[in-house]
Each structure stands twice: as C-alpha cells, then as structure tokens.
K.L.:
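I am attaching a structure below and will ask some questions about it afterwards.
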Amino acid sequence: MPEGHTIHRYARLQRKLLGGRRVAASSPQGRFAAGAAVLDGALLHDIDAHGKHMFYRFADRDVSLHVHLGLYGRFRAYEGDALPPTPLTRLVLSSDGVELQLSGPTICELMDPAAEAALRDRLGPDPLHDDDPDEAFVALARRRTPIGQILLDQRVIAGIGNVYRAEVLFLFGIHPNRPAHALDRATFDDLWRLLRELMIAGERRGRIITLQPADRTLPMSQLIAEEDRLYVYNRTGLPCRRCGTPIISWDLAGRTVFACPRCQSA
DNA sequence: TACATATGATCAT
DNA sequence: TGATCCTATGTAA
C-alpha cells in the first residue's frame, strides 16, 4: 500500500482532520503505551511527510511523533461513529468526532528535534516536495549499481516504492539492471519530472495510475479498470501493453522487479 | 485453514 | 545475502 504518495495523502487528510486540535492518545495494543501517555492531551500543530516518513508536531510537547508504515502499516480514519480499534492497533488519536487508528507500522516512536533533523538529513530529495533533484543525480551518477536498485534507496530519492520504480523505468525504456551512472542528466531530469507528475496524481487519487492516454484501449472512457492501471508491476507473464511480449520479473537486491524485456533495454 | 506474498527497512554476517 | 519485524489479503488446499 504505502509509497510516498500514500504517505503524503495521509498527511494531508489527517492535517485536515486533526490539525489544530487537542487529541487523546492511547495504545490498545500496549506497545506504544508510554508514548501515547506522553501525547495524551497534546495540541496537534502539524503533520509533515518526507518520503515515506511522517512527523507529527505538537504545540505543547518537545517531541514529535514519528511514523513509518513499512510494508503493512495502515491508518483508519473516522468522522462520526468509529469502528472500535482492533486489539493490534498501535495508536489511537482522537478528538471529538474524529478518530485515527494506526496498525502495523514499522516505526511509531517519539523523536526529539535533533533526531528528527538527523533522520531527514539522511533522506534524499522527495519528488512530492518539489525538492531540488541535483543531489539525487550526483549520487546516482557515481554508481555502477543497477538503476532499479538505486531508485529504491531512500537516501538517493525519498518516496519511491516498488510500483513507481517499475513503472517509471518502463516508461523510459530503461532496463532495471542498467548501471545507474549510464543515465545522462537530461534523461534523469525528464525521469524526475515524470515521477513527480505520477506521484502528484497518485497522491490526489489515492491510487497509482501510470497508464498513458496513448495506451488506453478505450480512449473515450473516463474509467480505468483496476487491472489496467499499470504497465509492468505485478504483471509477470502478461503481455506488454505496447509490444505484447510477456512481462518478466526477478529478484533484485531482495525486491521483485518487473520489466518488459523488449521495451526496456539494458 | 494454511500458505504465500506484499506498494518497506534494518541489522547481522 | 539472509534473517527478522510487523499485518492483511488473496489463493490453494
């Protein structure tokens, strides 16, 4: 579920829901009980997202809440009647009529400002922040490592996940195994621009759609079927939407990567 | 009911 | 490179 676009979307929706409000905090699961006790009754000032990390800042606390959803984490938000949190819910933040439930995060912790600054410093530029991509290009141009592997490195670019990686490389006809330094600056700039567009669209829609108008089978239709949103991600063995060659997938540094062997050249 | 798999990341080796 | 953490879902049995 959560690549950068999802995180930024959560931040935006939650800001609207809870920003400026005093919150009650609890940890049904118990694992964040001490942290919840610290936050209970605090005034939520703002929520910020950087890549896949979220930072909740409180007006009357000297620590931030740091959340990273990892692979399984999810939020449930309710206005009005909330379903009761499951026993595994790590954190509940509520304010009259609003309830936010967090389950399964890789990280849910309190962080002091120095630690937060250090963490953010480690992260690369985030396309959804309109950050300057220069630093990312420099990091990328230095390395022989496959471009597909580099794109998932959050120190190089923050916020890309497995879906955007696969899709953007397809759209540029770049094989994931191509050495990162083979990418020239002009192509990188184009790639960054498209990535940013796709992620902004994903943030707004709450869903990743990379299919380009030219590749739509039904150009008149406004609706894109669930299974027609992507070119290569999770389409192993299915025909490439452009050339019909079966999509292939393999393990790259521990993550499954997808590509069209014909459209994407090494 | 069990199992595989997952849009993530860290740590040890 | 492999083990590990965490939860939900889809498919196989």
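Letters A, B, ... are given to chains in the order of the sequence lines, protein chains preceding strands, and every chain is numbered from 1.
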K.L.:
Can you confirm whether A:H45 is buried at NE2, in the sense that more than 12 heavy atoms of other residues, nucleotides or ligands lie under 6.0 Å from that atom?
P.N.:
no
K.L.:
Might you work through the side chain to side chain contact (heavy atoms under 4.5 Å, CB included) test for A:H66 and A:L110, ending with a clear yes or no?
P.N.:
CA-CA 6 Å; A:H66 172 219; A:L110 299 180; over 6 Å; no
K.L.:
Establish, with yes or no, whether the OP1 or OP2 oxygen of B:dT7 is under 4.0 angstrom from a side-chain nitrogen or oxygen of A:R229.
P.N.:
no
K.L.:
Between A:Q154 and B:dA9, is there a contact of a side-chain N or O with OP1 or OP2 at under 4.0 Å?
P.N.:
yes
K.L.:
Are A:R31 and C:dC6 close enough that a side-chain N or O sits under 4.0 Å from OP1 or OP2?
P.N.:
yes
K.L.:
Base, sugar-phosphate alone, or nothing: which one does A:I107 contact when heavy atoms must sit under 4.0 Å apart?
P.N.:
nothing
K.L.:
Of all the nucleotides listed (B:dG8, C:dT9, C:dT7), which has the minimum atom distance to the side chain of A:R74?
P.N.:
C:dT9
K.L.:
OP1 or OP2 of B:dA6 sitting under 4.0 Å from any side-chain N/O of A:Y72?
P.N.:
no
K.L.:
Say you pick atom C1' in C:dT1 and the same atom in B:dT7; how far apart are they, in whole Å?
P.N.:
23 Å
K.L.:
For the residue pair A:D184 and A:T187, confirm or rule out a side-chain donor-acceptor distance under 3.5 Å.
P.N.:
yes
K.L.:
At under 4.0 Å, does any side-chain N or O of A:R9 touch on OP1 or OP2 of B:dT7?
P.N.:
no
K.L.:
Any side-chain N or O of A:Q29 less than 4.0 Å from the OP1 or OP2 oxygen of C:dC6?
P.N.:
no
K.L.:
Salt bridge or not between A:R22 and A:D96? Use side-chain N to carboxylate O under 4.0 Å.
P.N.:
no
